[in-house]
Each structure stands twice: as structure tokens, then as C-alpha cells.
Asks: 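I'd like to ask some things about the structure below.
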Amino acid sequence: MDASQAQNRTYLGMPLARPRVAFFELSSCEGCQLQIVNNEANLLDFLSLVTVVNFREAMTEKSDAYDIAFVEGSVTRADEIERLAVIRKNAKVLVAFGSCACFGGVTQLKNRFKDPAWVKKQVYGDRSIQTNDTARPLEDFVSVDLRIYGCPVKKEEVEKIVTHVVLGRSIVQPKYPVCMECKENENTCLFDLGEPCLGPVTRGGCDSWCPNSRFGCWGCRGPAEDANVGQLQVIMKQYGFTEETLLDRLECFGGFAKDAEQLRTNMKLSPRRHEGTK
Amino acid sequence: MKSTRTIDIHHITRVEGHGNISITVKDGRLIEARWEVVETPRFFEAMLVGKKWENAPWISGRICGICSIGHTLASIRAVENAFGIVPDEQTASLRLLLKHMETLQSHVLHLYFLAAPDFLNVGSVFPLINSHPDVVQRAAKIKQLANDLCDCVGGRRMHPTRTVVGGFTMLPEKKELVRFKERLNEIKTDLLDTAELFRSFAIPDFSRETEFVSLQGNGAYPFIGGNLVSSDGVVKKEQEYAAMTNEYLVEQSTSKWSHLSRPSFAVGALARLNNNFALLNPAAQEVSVSFGLKPINHNPYMNNIAQLVECVHVVLDSLRLIDELLGMSWKKPRHPAVPKAGIGVGAVEVPRGILYHCYEFDDEGRIVRCDCVIPTSQNHANIQHDLSALAEQCASQGKQDREIELLAQMLVRSYDPCISCSVH
Amino acid sequence: MTAPHHGRQLRKNDLAKFEHTYKAEIASVSQLTAMERLYRIQIIDPEERRLFSFKPGQFVMLELPGIGEAPFGISSSPSSRDDIELCIRTAGNLTAWLARATRGMRVGIRGPFGTSFPMETMHGQNILLIAGGLGLAPLRSPIAYVQEHRNRFHQVEILYGTRDPSQLLFTFQYDLWRRDEIGLGIIVDKPDPAWKGPVGLITRLLEPIIAGKDEAFIQNTSAIVCGPPIMFKSVCAMLNEAGIPMQKMFVSLERRMHCGMGKCCRCNVGSTYTCLSGPVFDFWSVMNLKEAI
Amino acid sequence: MIFKVCEQEELRRLFDILAADNTVVGPVQTGLDRNGSALNAFKPVADYTNLNLGYTTTKLSAKSYFLPFRESLASFQIDGNDWQKTVDYHCDRPIVFFGLHACDINALNKLDKVLMGNTYPMPYYAAKRKNMFIIGIDCQPQPFCFCRSMGSDTVLHGFDLFITDIGNRYFIEIQSATAYNILARIKTRPPEEVDHLQYMAIAAHKNKQFTSRVDTTDLTKILDMEFQSPVWKQWGDKCLGCGTCANVCPTCYCYGVEETVDIGLRSAQKVKTLYSCNIVDFAEVAGGHNFRSERHTRLKYRYYHKHRGFVEAYEESLCVGCGRCGEACLAGITVPEVIASVRGEES
Ligand SMILES: Cc1cc2nc3c(=O)[nH]c(=O)nc-3n(C[C@H](O)[C@H](O)[C@H](O)COP(=O)(O)OP(=O)(O)OC[C@H]3O[C@@H](n4cnc5c(N)ncnc54)[C@H](O)[C@@H]3O)c2cc1C
Ligand code: SF4
Ligand code: SF4
Ligand code: SF4
């Protein structure tokens, strides 16, 4: 957006900087960026707080002079590592935007195979294709200043965080698990309805988005602080769910990668049990 | 002026994903026009191997942020077809309503935010906020309605939470649907205003004959499942999709490409309209005709208009669907799924064209093989051929670089490509 | 309840008091150290200003709309009715915002809340005022009281310890205190080259003061101790050793607080509300609070 | 105390009279759980037939109607350097509770002590509490109920009417003049000897139904002594730190406050959200120091607050023995078991 349109904003009489923000995407579905555009009601207010200087999905002009870079997606190719390094250099604040950027997201599901050649072959046959063996979160390559969790990110949360950044407030994300907000929303617990849920160990802040739809949480926001995954494992068993069900959820978005790895090892489960049957 | 000119567009903007255009013209003659797809592959088809069926819609919906609802529905349909589940009327109607709202949301996003800036000579929608506030407000209003209704039926607008194999996890409240009826009625005029806006745009005059592939309507304009049809007369069953898409690898793209009767074919709004014009709602047909858009139209830029026509169609059809749903008494939202070995295919018309998900299951319902064919990957070859023809035409007309650059980008944009999706 | 209730008073219009905010203005800001600033805050409405009074040891909730609200001990003299002074360390969200604040900013004040140091009951006694670090901020109020009523007290000693000389607060007042015949001992943990005073922990300053004192002195001495838990724990242990009754040692506890009025439970220690029964406790009560220290 | 008796059908008339100008909230069956048992919740009810007066318990207590999980304490209009604060107690209509069990009414009485007593009554709560009309109803003890141990199986005050089903008619206890006047609008009669006998028989029968109990003898002292007991660690290892126990509890009232600015920077909100002492940052202060960083210290604190601190302050426990927390806890941590283990009893 044209910088000349920027008026000087203040809050309680204090002048506020109007940060120049840029959006970038690595390997992703670009859904998190789209959530910005999906925010029809407050888009104009959003645009009066910041100056968008780079948003390939929505605009042609681009600039490398930005304060805040929102980077969506995981790192899966050498050129992305280079792009990310440049972004890091240009940005004062680098935001890992969404679960892919924070944890690797669904894309890191390929990591479990431990056999990159097989993975490539499954899609591209014998053709050579340039790709890294694993999909990784941003912080494996650069330092990250702020994380916005979620697959997809929640627009209310993005708004709040952006407002806080502009105001110069510190960003405090919920440390409690999803259950907290689920109860606040007066949902019937999915375990009572016979459905599995990762809410007891997943970081809140999504307003129990999935359980509100009677759909158990898959842990897209990664672990809550002090998450008791071991106890959840006991509970899942008590409620008659298989370890595979728990594993599916733990490994879906990468936030629980360590727990998933551990569980997979304990289960002696091969990720590609079907090769033989094929 | 130098005799050899190269136009390089690295990472074309206002499209979803990463693609490059490169055009080389020497002495007024086209040497090469290239459409390159440089998106990073994410390997969804490998990722799903070994996973239980319930993971498929949840994970594969993440192929695309814009049409996650379409992916989810295609994936669910593939699983249901494999397990022999036929959705009841309530589920089918709700899914179609959800699908319609995704179509509306995506088309409006494309028309206003991605395509319109070209016609209004700006780089993005942002300057329009000040110069054309009514236009931006109208776009936001329609999009918001579509997204809100997606939230209401699907749980959320992106990566939906209520859509599952066997139906829905929960149903919308009927009084909410009644409220949406009002809002749908309200935006009819906004759509007519949208038509007026696009009528004021000069749609580039360019045509190249090609083949159009879509679902075949069976009594209704098609969106979910059914036979596959091409404008060259090919008809196939849903499960024979592979014979329709014939995917192959090319060096200039990380996405696969497709062909059928000719070197390339097109899918999308224009293809659907060309193949099923008679099944459009009469009011939508009227809008179409007013733009001179009648089957079979070979101008790829007219895809924008076809999208506009479809917006009118889905809004009117949603009103019908809501009436139908309000007349039903709610049944159980979800039926249990019993996994069994077999192959299932789900074909769904998503905003950018026909999308296929295909899974092979073992008898416990674990995925043995997975294949997803994305609309944009089916379009890539057609984009390449259009681009060559367009560049050739421009070169012979002696057009300036800037003009060629704009026309080439507008051409790619008119397909509303979802490049990251096509690579998945 | 195990804790004493001195300083607690019922107020009129209790219901409306819950969220009653005095609108106030930052009248001046002075930088004391790199992290601490002294804010002079004046209630805008003259009538409200007249009605506002507090006792040494009490705290207020300071609010910046939309930014946050947090408890701060009042650091100025209870007899100055025109304004209050808060000494605030940059620690997080609200305090970082305040660090950028300038004169004229409008803030909200609720309170005063909590118990206070029972100054009147100490009349005629010796007083030890012992502070560690930021603990000097809440002590400045009882010190001011002592200054203003110097003849009502016998020996008065301020013992003050910080990590290094750059963190010393209220340096401009040291001479004024000494002039009023208040003993002042300062010790730092990590001296810089210019430092000439004693080095070590605060207990080093305390030793000579209580060592060899006769029974009469000990029995007639009260102590006010403010600082981090680890500090007041060892200081109080030493005072106890010397024979000063635990009921005559007063400490100020710091806990998370969201209401200041005994509702949110965040400041509960065991199950005593720090905001209602505290922040000032006698040390005997603290001993009885599980997990207080 | 004034007693009356009415025919069952009269209750519907009472409902209709009350529902005409008030929001009536009562137990409603919302579905079935995975075992096919009824799920109940307190919901606004417009039609008497939707009430499920014979309900066993509800998953969540009724507190969202008087202690909402999220409530704005104040809003601010921001105007340049200046701002205006507006306080709203969010109480626009009286609420009629139709069918609260004794434990839940006792819970209100306990909350009254903290939220309406001491130095600063909380107007958000008080306003709603004063605008309540409560009809209590008797219940059948469930396996998880230990209200009897907590002295909450009967309730002495804090309601307007209390009704007991004594077989095809209701025995009514009248507490308030309002209730007396409203009752005049339906058909009642004074109880007779046979009604008294029947009432007492039912009460005696109910007393025999309790299976779950907590020994509260000397509990404050025992908790004090067992502060370092290793059983806390064992329970702490199980605890998910999810806050569910506090959220379903009718008496948990702890909260946090957060201020936010709207994205247009024109207004700000000060919002109170019920919090739970089991949440990791409950006692964290600026600079990151956490007074209860370990899970078991937080779990222990919940018990100390309810069963020790509150007793010392008010001579009664802050737990009514409704058993909701134990039922809702996925890790299966229940009050009777925890207390028994602290007392060194086999559970
Ligand atoms: C009775 C009392 C008197 C105090 N006096 C002073 C003083 O004179 N000078 C001074 O600099 N500091 C004082 N503090 C500490 C001061 O309250 C915290 O530094 C302040 O809350 C930090 O707020 P923040 O928003 O900057 O930090 P954040 O960590 O961002 O705080 C977030 C919220 O947590 C709560 N919180 C965090 N830390 C504390 C804490 N230590 N105590 C209470 N609540 C906390 C507050 O409610 C705050 O709104 C006192 C604390 C108490 C309890
Ligand atoms: S549904 Fe999930 S998030 Fe909600 S309470 Fe149950 S376990 Fe927690
Ligand atoms: S409920 Fe779980 S999966 Fe759903 S949005 Fe929240 S954290 Fe993500
Ligand atoms: S602590 Fe548990 S049993 Fe006691 S009142 Fe609360 S929810 Fe009921």
C-alpha cells in the first residue's frame, strides 16, 4: 500500500510507528496468507495500522524495505533456505506464520519415512527432482522472533497480535491447553461422545475451533506449556482408542514431533507397512 | 531498440503459488514463450501412504488454502466411493451448499482482488480502497457472506472441521440458514453491479481452439461427482479419471501436465460453462449472453466472465438448496464408515476446474496408494500453448514489451491458477 | 484467617468501588536507574484528589486502558495529598509501555489497597528499615513518615543493599535522610571501581547493628523488611535470632494480582489473599503461610 | 418456614407464569454420551416440556449465568490523549433457575461469601445474584456425589422455592415473599400429616443412597501437616493442567484480566476470564518467576484453597461435593480419592 497514505497514528497520545510488513510463502498451501484477505470485516483497519509492501498473493509491487516479515510455510528446498536468509536479513521482526512455519506442518509428514528416495519416487517416478530430504520449520535455519500458531492461523488472533505489535506491547500467547477454551465454550467433551481429541495437550488460543464443531483437536498449535502427553496416552487407551489414532494426531502438524517419534518407536510401527502388499 | 528482447517475469504475482513467464522475441518474431512452474513439491501423495482413511480428508485438504473445501469433499467422496457409502440427501445438499459458497468466495477473490487490478491499471486491490471504495466494499460484502456461510455449514471457511466421511459432525441451526437466505437475496444486486463493473473492462481479444474438460451435468449444473466429459466428445466414468487426465512430467515444471485428444486441454469455469451451458440457472445464462459468452468460447480471458456467471448461478442455486434443507427434518448428521479394501475416486468441480482424489485401501482402511490430480496441473499445458500463441500474435503485431508483459500475466491470471496446489 | 487486618477499612459505596478508577495524569517522570523510573501521578479531579488518602505500605492498581493494569506500592509520603509517586521497574507489558510514557499521559488509578505498616504502633521505638533492590521503593513511604515524625521514634536505621552501584535508587535523598538523623548503610554485591562502601550481602550491614545490643534495645525495636523473598527470609531469620519478636517484623509480599480486591485469587498464598490480608504481613503470619517463602 | 403441596400439573402453570416475563434457565437433555446416558445442561427454556427435572447432574455447573467464563469488566472509548471508562454489570433481565439441586444452591451461598462479602463486593456477580429467582429440586445421589460429606446435600437458604417430588405431587418449601406471592397464582394446599410422612420417608431413603464420601474430620490440620506428602506428586503426575476441574466446578471463581485494544484503536476492553489454578502460569509474575511451576504444586493448591483456606476464613469448605470435577477429569482425579490418599487411607 502506498506509504503516502499513512497518517500518523497515536494511542493514548503516544505516536505509533506504522510498520512496513511483507508476506512470504515457502512450501505451504498459502492458506494462512489468505486468512488475512479472508478478514473482510477488519481488513481496512488492518491496512491502516500497517503498510503492506510485499504480498505476492495479492499485489504486484514489491519492496525489500520492511520491518515485519510474515513467513508462511516450511522449508523443503535449497532455494527456500536462501530466500529465508535474505528475509531474515531484511526484517526486524520475523514471524513464523502458521503451523508449517512453526513446526513443519502437514508437509513434515513426509519426514517419517526416513527414505527420501522412496518419497520422491512415489510422486515423480524416476524423474529427478530437487528437494530436501525433510520439511523443516523456519527456526531450524534462522532465528524467529514471533510465532503465530495454527493450521490455519485464526484471524482474530492475527489481528490481536498485529495490534499488539503496532502498540509495542509484548505478545503473550496462551500457555494453557485447548480444553480451557473448550469448557469456556460449554462444549460436551468429545471423549464423552466417543471421539479422540488432542485438546488436553495442545496449546490454546484457537478458541477450541475444532471441538466447537464436535471434531476432536489434531494439535495444530503444538504442545501447551507443560503438556502431559504421557497421561493423554493413558487416557486414549482407557477410552478405547488405538495408539495409531493417537500417533496420527501427534504427528499430523509437527508440533509434537518428538512425542510422535517416541510413540512410533515404541509401537514398532513402520510408516510404510504397505510396500509389501503392493 | 535491440533486436532480441526477453521478457522475464520471475514469480508472477496475484496468483497462488510460484510460476515464471519467459518470452523471447527476435526481430519481431517469437523465439520462445515458456510457462515454468517452480513451486516446491510437498509430496502429499506419499505422505498419505500408510495412513488410515480418516486422515485423508483432513490432511489432503491442506493441499490448498483457497479450495480446501473442494479438496476435502473430493477426498471424502473418494473414501466413500471406496467403502460403498452413498451420502443421504441431507448430506448431499449441505455439501453442495458448502461447495457453492467456496466457489463464490474463490471467484470473488479472483475477480476483484486478483484480476480487476489489471483492468483498473493498478498493482493490487489496496489502492482501490481509496480510489474505488464502493468496489472494494462490494467485494468484501460478497466474500464475507460466502465465507460466513462456509463457517456455518463446514465449521470454518478454510480447512473445514465439520465435513467428515459419512456426513457432518454437526448440522447448522435452521434459523441460521434462514438468516443467510436474506443475505443471499441481498447480494443479488451486488452481483449485477459486479457484472456492470466487468462490462466496463476491455477483455483482451484473443482466441485459441482447445478442448474443454469438466464433469458432465446430469439434470443440474455439475459440481460433485458423475461422468467426465470433454468438448471433443470424450465421455468417461468418474473412476476412469486417469484416462481423462493422462498426466506426464515435463522438464519446465514441478507439476505434472495433462493432455487428452489434443496436446492440451482446459478445465475451470469456462470449461464447465462451455460443456454445461444449458444447465445454468436462466438468470446466469442471461448474464453470460449479455457478455457474448456462449458455448463454445475459446477466449481464455473469458474465464473471468465465466466465473462471474457461475457466481450468479451458485447464489441462486444456494437459495434453492436452503429452501430444500429448511423443508427437511434434520436426520442424524453422520453415518458410520466401515472400511474395506478397494479403490475409490472422487471427482469434484472446484473453482479452478475438475479435481480428482483417488485412494487404494487395504482391508483395514489404510491407504496403499494415493493420487490427486489438480485442476491447475491439467491447465498448465494449455497455459503454455496459449502463451506461445499470444506471444506470437503480440510479436507479429509489434506490441511493446510492457504490453506483452501485461497481456501474458493477465492470461496466466485468467486461469486463476493455483500453482502450489498443482504441485502439492 | 491467620493474617492480621491492620489498615483495612470499609469504604462507602462498596459496589461502585469495584471498578472505580480515578483518572490521573502523569505529572512528571524521572529516570532513577536504567530500569527504574519515578512517576509523579496526580488525580485530575480536585474533589477526588482531596478524598484520596493512603497509608505507608499500601499499593494502587495502575491502568493504561487497553494496555494493562498492575499493582504498584506507593512510594511517596502519606501526608502529601497532592500527588502520589510510584517507582516502577520495567518488567513486562505494562511497565514497558510506561517506560515510554511522558508527562501528561492519562492513566487510571484504583485503590489504595491492602494492609500498611503499622507506623503508629511503632511510636517510641527503634526502627530498622531494611531494603533489598526495588524493595526501597515501598520503604520510601514509611521513611517519609518517620522523617515527618522524627521525634516520635528512637534510633532509626536504613539498611539498603543492591546488586551494583548503578542500581541504587533515590540517591538524591540519602543526605536528607542522614540530616534527619536517620542512619543509612548501603552495601553492594558487585562493586564498580568507584565504589568505596562495603561489599557483600545486606546481612553484613545488619550484624553490627544488632550485635551486642542489650535486651531493652531489642525489645523496643521493630523492623520493616522489603525485598526479594530470599533476602527477607535471611534478614528475618537473623532478627529473630537476635530476639526481635516475629510480630514486630513486617514484610511486604509480592504476588501476581489481577483485581486487588480479594476476588481473582491470583495472589493467594496458601489461601490468604496477599492483596487483602497483605501485602504487609508480620513475619509470624508469613511463617504460617504455606509456600509463602 | 412455610410449606405447601401442589399437584404435578401445577408446576407447568408456575413455569408458564414465570416464563412470561423472565428468562427461565433449567436442566435440559442435550444428547447422549458414548454409553447412551443422558447429557444434561442448564439452558434457557421456553417450553416446560423441554425441562428435564429428573436429571441426574449436568456436566457444567450453572455458573456461566452468574460468573460468565468471559465478561467485560469495563470498556474504554479512546479519544486522542483522553479516554472514558464505561462499566456495565451485564444484567438486563432477571433469571429464573428452574430446578437447581441443593449442591448448586449451596455453591451460590458459598460464592456469596467471597463475592458479595468482604471489603469489596463484586457488582458483576451481585447484580446478577440479586436478580435471581431460584427453584430448587430434590435429587437422587449418583455414585460420584459426596455432597453429604460436605454438608451440601440439603440447603437451608439461598433459594425462593424448593420442591420435592413425593409421588404424584410436590412438596414445596417457601423461602421468599416473592415466591409466596407467585405461588398464590397456582393451586396449592397446606401439607397434611401424610405429606410430612412421605417427605421424611423420601429424605430417609435418599440418605441411604450415598456411596461416595469424604472424611472431613480435622481436614484443615491434616492438609497442613501433609503439605510435603508424596501423594501430591503422584496426583500431579496424572494432572493434565487443563483447568477442566475448575471450569466445571460450581464454586471455582478465580480469574484473570486482560486488556485489549480493538484493531481500529478506537476502543479498548478490560476482560475478565475465569482461570484455573491448575494452569501453568497461574502464579507466574513479571520477570518469569513462577511461584507454582510444578504441576503437583498447582493441583495441591486447588485442594488447599477449597478444603483448608476457605474453611479457615468462612468455617466451611469451598467444595459442595457435586463430583463434577472428578467426572470431568480425563485423568480420573477425584476429590474423594485425593483426600483419602492424603489421609493415608486406601482408596
Ligand atoms: C503489592 C505489590 C506492589 C508492587 N510494587 C511495585 C513497585 O513499587 N514497583 C514496581 O516496579 N513493581 C511493583 N510490583 C510488581 C509489579 O506489579 C510488576 O512488575 C508488574 O505487574 C509487571 O507488569 P507488566 O504488565 O509490566 O508485566 P507482565 O509480566 O507483562 O504482567 C502481566 C500481568 O501479570 C501480573 N503480574 C506480573 N508480574 C507481577 C508481579 N510481580 N506482581 C503482581 N502482578 C504481576 C499483572 O497483573 C500484569 O498485568 C508490585 C507488585 C505487588 C503485588
Ligand atoms: S473436547 Fe477436547 S478440548 Fe474439549 S474438553 Fe474434551 S478433551 Fe478437552
Ligand atoms: S482445536 Fe486443535 S486442531 Fe483445531 S484449530 Fe485448535 S489447536 Fe488446531
Ligand atoms: S471441587 Fe469438584 S466436587 Fe467440589 S464443588 Fe467443585 S466440582 Fe464439585
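Chain identifiers are assigned alphabetically (A, B, ...) following the order of the sequence lines, protein sequences preceding nucleic acid strands; residue numbering begins at 1 within each chain. The shown structure was predicted, so the numbers you read here are calculated from the model rather than taken from an experiment.
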Asks: Check whether NZ of the Lys or CZ of the Arg B:Arg156 lies under 6.0 Å from the centre of the six-membered ring of A:Trp209 and within 45 degrees of that ring's axis.
Replies: yes

Asks: Using the benzene-type ring in the case of Trp, are the ring centres of A:Trp118 and A:Phe113 under 6.0 Å apart?
Replies: yes

Asks: Of the backbone (N, CA, C, O) and the side chain (C-beta and beyond), which part of A:Thr131 lies under 4.5 Å from a heavy atom of chain B, both, or neither?
Replies: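 Looking at A:Thr131, just its side chain touches chain B.
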
Asks: Using a cut-off of under 4.5 Å on heavy-atom pairs, state which of B:Glu45, B:His159, B:Arg62, B:Glu54 scores highest against chain A.
Replies: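 Option with the top pair count is B:Arg62.
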
Asks: Give, as side chain, backbone, both or neither, the part of A:Glu251 having an atom under 4.5 angstrom from any heavy atom of chain B.
Replies: side chain

Asks: Describe, in one word, how the ring planes of A:Phe70 and A:Phe23 are oriented to each other, choosing from parallel (under 30°), tilted (30 to 60°) and perpendicular (over 60°).
Replies: parallel

Asks: What do the steps show when you test A:Thr245 against A:Thr242 for side-chain hydrogen bond (donor to acceptor under 3.5 Å, both in side chains), and what is the final call?
Replies: CA-CA 5 Å; A:Thr245 302; A:Thr242 61; 2.9 Å; yes

Asks: Is B:Asn147 in contact with chain A via its backbone, its side chain, both, or neither, using a 4.5 Å heavy-atom distance?
Replies: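 Side chain only.
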
Asks: In sequence, state the C-alpha distance, the side-chain angles, and the governing distance for B:Tyr359 and B:Ser75, and then conclude on side-chain hydrogen bond (donor to acceptor under 3.5 Å, both in side chains).
Replies: CA-CA 9 Å; B:Tyr359 312 119; B:Ser75 178; 2.6 Å; yes

Asks: Do you know which of B:Gln105, B:Arg157, B:Lys143, B:Arg162 has the most heavy-atom pairs under 4.5 Å to chain A?
Replies: B:Lys143

Asks: Among A:Arg127, A:Gln33, A:Gln130, single out the residue with the greatest number of heavy-atom pairs under 4.5 Å to chain B.
Replies: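 Option with the top pair count is A:Arg127.
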
Asks: Between A:Cys100 and chain B, which part of the residue has a heavy atom less than 4.5 Å away: side chain, backbone, both or neither?
Replies: neither

Asks: Would you mind checking which part of A:Leu44 comes under 4.5 Å of any heavy atom in chain B, side chain (CB onward), backbone (N, CA, C, O), both or neither?
Replies: side chain

Asks: Find the one option among B:Phe44, B:Trp58, B:Phe168 whose heavy-atom pairs under 4.5 Å with chain A are most numerous.
Replies: B:Trp58

Asks: Given that the side chain runs from C-beta out, which part of A:Glu80 has a heavy atom under 4.5 Å from chain B: side chain, backbone, both or neither?
Replies: side chain

Asks: Using a cut-off of under 4.5 Å on heavy-atom pairs, state which of B:Val15, B:Leu114, B:Ile12, B:Leu48 scores highest against chain A.
Replies: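 Max contact count across the listed options: B:Val15.
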
Asks: Among B:Gln144, B:Gln137, B:Lys256, B:Gln409, single out the residue with the greatest number of heavy-atom pairs under 4.5 Å to chain A.
Replies: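 Most pairs with chain A among the choices: B:Gln144.
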
Asks: Is B:Val108 close to chain A through its backbone or its side chain, or both, or neither, when contacts mean heavy atoms under 4.5 Å?
Replies: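 Looking at B:Val108, nothing touches chain A.
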
Asks: Using a cut-off of under 4.5 Å for heavy-atom pairs, which of A:Asn38, A:Thr76, A:Asn212 has the most such pairs with chain B?
Replies: A:Asn38

Asks: Where does B:His424 contact chain A at under 4.5 Å (heavy atoms): side chain, backbone, both or neither?
Replies: neither

Asks: Using non-hydrogen atoms and a 4.5 Å limit, figure out which bit of A:Lys121 sits close to chain B: side chain, backbone, both or neither.
Replies: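 Contact with chain B involves no heavy atom of A:Lys121 at all.
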
Asks: A:Arg77 and B:Thr40: side-chain donor and acceptor closer than 3.5 Å?
Replies: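 No, no side-chain donor-acceptor pair sits under 3.5 Å.
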
Asks: Return yes when atom CG of A:Asp126 has more than 12 non-hydrogen atoms of other residues, nucleotides or ligands closer than 6.0 Å, and no otherwise.
Replies: no

Asks: State whether the number of non-hydrogen atoms from other residues, nucleotides or ligands found under 6.0 Å of A:Arg214 atom CZ is greater than 12.
Replies: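 No.
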
Asks: Could you look at A:Cys210 and say if it's the side chain, the backbone, both or neither that has a heavy atom under 4.5 Å from chain B?
Replies: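 It is both, since atoms from each part get that close.
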
Asks: Side chain, backbone, both or neither: which part of A:Phe55 has an atom under 4.5 Å from a heavy atom of chain B?
Replies: side chain

Asks: Under a 3.5 Å cutoff, is there a donor and acceptor pairing between the side chains of B:Ser377 and B:Ser422?
Replies: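 Distance-only check fails for B:Ser377 and B:Ser422.
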
Asks: Parallel, tilted or perpendicular: which fits the ring planes of A:Phe215 and A:Trp218, with parallel below 30° and perpendicular above 60°?
Replies: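 Answer is parallel, since the angle falls under 30°.
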
Asks: We want to know whether B:Arg42 and A:Ser28 form a side-chain donor-acceptor pair, criterion being a heavy-atom distance below 3.5 angstrom.
Replies: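 Judged by distance alone, the side chains do not pair up.
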
Asks: Would you mind telling me which of A:Cys32, A:Ser27, A:Pro152 has the largest number of heavy-atom pairs within less than 4.5 Å of chain B?
Replies: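 Top count of heavy-atom pairs under 4.5 Å with chain B: A:Pro152.
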
Asks: Check whether any side-chain heavy atom of A:Phe97 sits under 4.5 Å from a side-chain heavy atom of A:Phe24, and report yes or no.
Replies: no

Asks: Side chain, backbone, both or neither: which part of A:Arg112 has a heavy atom under 4.5 Å from chain B?
Replies: side chain

Asks: Can you tell me which of A:Ser213, A:Gly31, A:Ser74 forms the most heavy-atom pairs within a distance under 4.5 Å of chain B?
Replies: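 Top option by heavy-atom pairs under 4.5 Å: A:Ser213.
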
Asks: Tell me, with the steps shown, if A:Arg20 and A:Ser63 meet side-chain hydrogen bond (donor to acceptor under 3.5 Å, both in side chains).
Replies: CA-CA 10 Å; A:Arg20 294 164 64 88; A:Ser63 157; 3.3 Å; yes

Asks: Side-chain donor-acceptor pair under 3.5 Å between B:Ser420 and B:Glu16, yes or no?
Replies: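 There is such a pair between these side chains.
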
Asks: In terms of heavy-atom proximity below 4.5 Å to chain A, should B:Lys141 be classed as side chain, backbone, both, or neither?
Replies: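 It is neither, since no heavy atom gets under 4.5 Å.
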
Asks: Need one label for B:Pro117: side chain, backbone, both or neither, based on atoms under 4.5 Å from any heavy atom in chain A.
Replies: neither

Asks: Heavy-atom distance under 4.5 Å to chain A: side chain of B:Glu251, backbone, both or neither?
Replies: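 B:Glu251 touches chain A through backbone heavy atoms alone.
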
